[in-house]
Amino acid sequence: MKILAVNAGSSSMKFQLFEMPEEKVLVSSTFERIGLDKSFYSIKVNDEKTKKEAVLLNHEDAVRLFLKDLLDNKIINDLNEISCVGHRIVHGADKYNKSVLIDDEVISDIEKCIPLAPLHNPAGILGIRAIKEALPKAQNVAIFDTAFHQSMEDVAYLYPVPYEWYTNYGVRRYGFHGTSHQYISNRISSILGTDKFKAIICHLGNGASITAVENGKCVETSMGITPVAGIPMGTRCGDIDPSIVEYVMRTSGKTIDEVMTDLNKKSGLLGVSGVSSDSRDIEEAIASGNTRAFLAHNIYIRKITSFIASYYCILGGADVIAFTAGIGENSIDTRKDIMNALKPLGVVIDEEANKVRSVERLISDKDSKIKCYIIPTNEELMMAREAYELSK
Ligand code: ADP
């Protein structure tokens, strides 16, 4: 059975076509600059990647072109072979604690969540509509970034603000990257050979979040009502004193939108270093003696360490700490600095084992009280699995 995983952004669309249940990737493709000039896409079949220019006025154009390429390359002979499509949806608020088959009610619920995810949820709906038009016979499944975190209890998801903000406006912690955290949690369970475990999962990409998991269920997560909260990220600030917003507005004359753009797009590693949001550039700048890049890295490490230490106490210990996503899988120095900062918890790094990128591996010493792993994430595969299960 062929299952398509679709991740629609406001100006991009990513596709991966799987043969299920074998979990074989038949093709992966990314469309960029949709609705802008100089749009292009890349398509990878059998490890061979080609990049092409194309006019992409909207998401429908991207879907049409992708499906045409599938037919032209004889990856499929008929569009009806794609029986189910899994769509990544960023915000499902507290209505969805698992993936669901998409019907009109689900679409309307995703629309209702737009105020909580004004950039992401409209893109998700555009993706669903474009696929429904091009593949009218396929089933569609929504896979929510927020779903995995719905197992959190009120002590974890409520903010210490007036309770009416929660009941009247839905102000609470939702958490994101749920598909990745779920995938890693499942991998940890397979590695340990049990579903009874306590783990702290560090998804360190451009966006980044840390989750405390007990027996496969999320107990705490660092992102909040939106993805700007938690640890510092490539360009997002993470947790800060909320009065900073008001103070900067009053002193600089910036509007609320300008300040929020600064906190979302000009903060984090980029904001402190003044160099880049990309951890590779930060590492290079540190090597050449840039002190602000070094400071940005140190703030990053300190905040991550304090989240892990706090989750260690909330969980009452931890069997596993897992590193995943771009930085977690690839940055040897970031993992090393975090693990060394966690010595008080009994973490001991295996320096040689840590010198790898993007492979699943134990990187803590045999004497370490917590096992630390690199576990590459695979959100698209998780989506395909969810879609496959529901389509059965
Ligand atoms: P997202 O999916 O949130 O856009 P990714 O998970 O792709 O982000 O992670 C992007 C981050 O991973 C960037 O900061 C990038 O610098 C970092 N990264 C990728 N490869 C390496 C590497 N070899 N060394 C250090 N950092 C890396």
Side-chain angles (χ1 to χ4, degrees), residues 5-16 28 30-33 42 44 88-90 117 119-120 123-124 143 145 175-184 187 201-211 221-223 226-238 264-288 290 293-294 296-301 303-304 322-339 354-361 363 374-383:
V6 177
N7 185 348
S10 49
S11 66
S12 72
M13 249 183 135
K14 292 183 189 157
F15 302 93
Q16 249 184 55
S28 43
T30 306
F31 287 70
E32 295 187 47
R33 300 187 59 81
S42 63
K44 193 165 137 194
R88 178 189 179 203
I89 302 296
V90 165
L119 295 178
H120 292 104
I143 297 119
D145 264 27
F176 300 89
H177 295 137
T179 315
S180 174
H181 287 289
Q182 165 105 65
Y183 177 84
I184 302 297
R187 275 306 305 148
I201 299 170
C202 307
H203 176 110
L204 309 178
N206 221 343
S209 63
I210 304 189
T211 294
T221 195
S222 60
M223 281 178 166
T226 73
V228 75
I231 58 172
M233 307 172 212
T235 62
R236 297 185 200 135
C237 58
N264 273 291
K265 303 237 163 102
K266 297 183 183 168
S267 299
L269 291 175
L270 171 67
V272 178
S273 70
V275 172
S276 167
S277 62
D278 192 303
S279 75
R280 285 166 289 203
D281 300 337
I282 301 283
E283 286 179 12
E284 254 181 62
I286 293 172
S288 65
N290 185 312
F294 188 49
H297 174 78
N298 286 341
I299 294 173
Y300 187 66
I301 301 296
K303 300 294 180 202
I304 292 172
F323 295 98
T324 194
I327 299 175
E329 291 167 28
N330 292 296
S331 175
I332 295 164
D333 287 347
T334 301
R335 289 193 304 258
K336 182 170 112 185
D337 291 349
I338 295 169
M339 288 174 73
N354 182 46
K355 286 182 187 156
V356 285
R357 302 185 201 277
S358 279
V359 289
E360 187 173 290
R361 182 186 271 192
I363 54 169
I374 305 168
I375 306 181
T377 194
N378 195 337
E379 288 164 289
E380 290 75 19
L381 176 57
M382 190 71 226
M383 287 166 64

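Residues: numbered from 1 along the sequence shown. Just follow the structure's listing: the first ligand is 1, and inside any ligand the first atom is 1. All values derive from a computational prediction rather than experimental measurement.
- Salt bridge Glu360/Arg187: present, at least one basic N to carboxylate O contact under 4.0 Å.
- Scanning all protein heavy atoms for the shortest distance to atom 26 (N) of ligand 1 gives Ser279 OG, 2.7 Å.
- Considering only non-hydrogen protein atoms, atom 22 (C) of ligand 1 sits nearest to Asn330 CB, 3.3 Å.
- Taking atom 18 (N) of ligand 1 as the reference point, the nearest protein heavy-atom neighbour is Gly326 O, 3.6 Å.
- Among His181, Gln182, His177, the one residue that satisfies the side-chain hydrogen bond (donor to acceptor under 3.5 Å, both in side chains) test with Thr211 is His181.
- Protein non-hydrogen atoms do reach within 4.0 Å of atom 9 (O) of ligand 1.
- Between Arg335 and Ile374, some side-chain heavy-atom pair lies under the 4.5 Å cut-off.
- Leu270 and Lys265 make their closest contact through CD2-O, 3.5 Å (heavy atoms, listed as atom of the first residue, atom of the second, distance).
- At a 4.0 Å heavy-atom cut-off, ligand 1 touches Arg357 through the side chain alone.
- Assignment of Gly207 to the shell around ligand 1 is supported, since a heavy atom sits closer than 4.0 Å.
- By the side chain to side chain contact (heavy atoms under 4.5 Å, CB included) test, Ala285 pairs with Val275, Asn290, Ala293, sequence neighbours left out.
- Side-chain atoms of Thr324 come within 3.5 Å of backbone N or O of Thr377 as a donor-acceptor pair.
- Distances below 4.0 Å separate heavy atoms of Ile327 from the following atoms of ligand 1: 11 (C), 12 (O), 14 (O), 17 (C).
- For the pair Arg236 and Met223, the minimum side-chain heavy-atom distance is below 4.5 Å.
- Among all non-hydrogen protein atoms, the one lying nearest atom 16 (O) of ligand 1 is Asp278 OD1, 2.3 Å.
- Among all protein heavy atoms, the one lying closest to atom 4 (O) of ligand 1 is Asn206 CB, 3.4 Å.
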